[in-house]
Protein chains: 2
Amino acid sequence: MSLRYAVLGLIAELDGASGYDLLKMFEISLANVWPATQSQLYGELGKLADAGLIDAADEGPRGRREYAITEAGRAELHRWLLEIKPRKPMRDETLLRVFLLGNVTSREAQEYMRAETDRLDEALDGLAALDETVEWDDDDLSRYGRLVIEYGRRSIAMRRDWFEWARAEMRSFDEPAG
Amino acid sequence: MSLRYAVLGLIAELDGASGYDLLKMFEISLANVWPATQSQLYGELGKLADAGLIDAADEGPRGRREYAITEAGRAELHRWLLEIKPRKPMRDETLLRVFLLGNVTSREAQEYMRAETDRLDEALDGLAALDETVEWDDDDLSRYGRLVIEYGRRSIAMRRDWFEWARAEMRSFDEPAG
DNA sequence: CTTAGCATGTAAATCGTTACATGATTCG
DNA sequence: CGAATCATGTAACGATTTACATGCTAAG
């Protein structure tokens with residue numbers, strides 16, 4: 001159900017947005033936190049309107065249809081944000097690989113870890129460069145968005161350090177058990 | 001497609017396992033990295049067998065059917081582990097909430113962050129306690145599993161620190177922009 | 001007038017979750 | 001025998017991905 005609230009939340013912050021607007025918004029902001037395709041988005045807009053959580057305006061210029069959040073929508077969003085606790089474990093494909101890394105040779109496994117460390121180093125450099133060019137506004141989306149970006153940075157840094165540490169650990173796997 | 005390789009990888013490491021065995025294995029090991037339901041598992045076993053990546057033995061005692069990985073399966077697993085790079089962004093419901101936190105009052109948002117910090121502190125305590133009781137074997141699954149557990153610990157610690165930091169940042173949102 | 005960008009939708013396939021259904025065997 | 005555990009499967013629904021299909025409008 002999370003996409004539903006991602007869409008509802010974006011409509012609430014933009015107030016007056018078309019499916020197309022939201023799609024662009026997803027690309028530049030939510031993409032790394034909760035990706036969504038165009039198909040999914042338009043489908044969700046229909047369901048939200050049916051549920052009375054958003055109002056759809058009549059068709060404008062190019063068949064454009066603007067949506068605005070209703071009072072019921074605001075209440076539902078508020079409830080979801082504060083009262084519903086996420087409890088589903090996140091899927092992490094990289095970790096799944098590490099978990100199964102006993103299926104390749106120790107040499108291959110360590111090389112894999114080294115490549116991942118390098119990749120994350122590059123990602124960190126990229127983020128640092130980005131940070132110098134982006135200008136941040138003072139609206140809610142930008143302010144909370146900045147916090148999420150910093151989360152991303154810390155997350156990458158942690159992964160990088162872990163890969164380096166884990167690779168060192170793996171070197172001891174070759175030695176006879178002690 | 002990841003579940004496919006999770007199952008294939010587990011069969012490779014256990015060599016000679018039933019759907020039921022794999023299900024139990026998922027619960028105690030992979031659950032936090034790649035959860036799967038019983039339905040999904042049995043479905044995947046059928047598909048893997050159809051694809052010739054695993055061999056199904058005849059029905060044993062209670063309708064039990066043992067699976068073993070084939071050479072083709074090993075090759076495919078090896079390829080996936082080392083050559084396929086994960087590129088899909090991970091979905092993170094908590095981050096989605098933070099992103100949309102401009103939709104509640106600043107007070108509510110900060111209280112939310114504080115609660116999350118506390119929750120993660122508890123999780124860290126729980127992990128520390130667990131670490132003292134669990135005994136680790138010397139097989140691949142245990143060794144790589146231990147690395148994954150450490151990843152989990154670092155991940156939680158990072159999240160905890162970030163929530164604390166972000167909450168402090170949010171206090172400045174109330175002041176007039178500078 | 002042609003292209004790029006705006007704008008919306010539908011179809012098909014796969015993946016994931018929940019629930020239901022059934023039967024065999026072991027242990028007390 | 002009755003309960004717990006072993007063991008497998010199916011049905012239905014919702015979420016996600018990919019691809020296709022269509023038309024409008026602004027700018028060069």
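In what follows, chains carry the letters A, B, and so on, assigned in the order in which the sequence lines appear, proteins first and then strands, with residues in each chain numbered from 1. These numbers come from a predicted model, not from an experiment.
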- [ ] Whole angstrom is fine here: how far is it from CG in A:Leu23 over to P in C:dA7?
- [x] 11 Å
Open item on the list: Hydrophobic clusters here meaning ILVMFWY residues chained together by side-chain heavy-atom distances under 4.5 Å, can you tell me if A:Leu95 and B:Met90 are in one?
Closed with: no
TODO: Verify the distance criterion only: is there a donor paired with an acceptor across the side chains of B:Tyr5 and A:Arg97 at less than 3.5 Å?
DONE: no
Task: Salt bridge flag under 4.0 Å for residues B:Arg154 and B:Glu150 - done: yes
Open item on the list: Between A:Glu122 and A:Arg119 (salt bridge meaning N to carboxylate O under 4.0 Å), is one present in this structure?
Closed with: no
Task: Whole angstrom value for the distance that separates C1' of C:dA24 from CZ of B:Arg65 - done: 15 Å
- [ ] Indicate, with a heavy-atom threshold strictly under 4.0 Å, whether A:Arg4 touches base, sugar-phosphate, or nothing.
- [x] nothing
Open item on the list: Quick check: closest heavy atoms across B:Val33 and A:Leu96, and the distance to 0.1 Å?
Closed with: CG1-N, 3.4 Å
Open item on the list: Exactly one of B:Leu77, B:Leu48, B:Ile11 should register a side chain to side chain contact (heavy atoms under 4.5 Å, CB included) with B:Leu53. Which one does?
Closed with: B:Leu48
Task: Protein-nucleotide distance (A:Glu66, atom CD; C:dT8, atom C1'), rounded to Å - done: 14 Å
Task: For chain B, the stretch of DNA chain D it reaches, first to last nucleotide, under 4.0 Å of its heavy atoms - done: D:dT5 to D:dT17
Task: Distance-minimising heavy-atom pair for B:Met170 and B:Ser106 - done: O-OG, 4.4 Å
- [ ] Indicate the atoms forming the closest heavy-atom contact of A:Leu3 with A:Ala36, along with that distance.
- [x] CD1-CB, 3.6 Å
Task: Near-strand residues of residues 24-60 of chain B, defined as heavy-atom separation under 4.0 angstrom from DNA chain D - done: B:Gln38, B:Ser39, B:Tyr42
Open item on the list: Output the rounded distance in Å from CD (A:Glu93) to C1' (C:dC15).
Closed with: 14 Å
Open item on the list: Heavy-atom nearest nucleotide on DNA chain D for A:Arg62 versus A:Leu3: which residue maps closer to 5'?
Closed with: A:Leu3
Task: Residue met sooner reading DNA chain D from 5', once B:Arg64 and A:Ser2 are mapped to nucleotides - done: B:Arg64
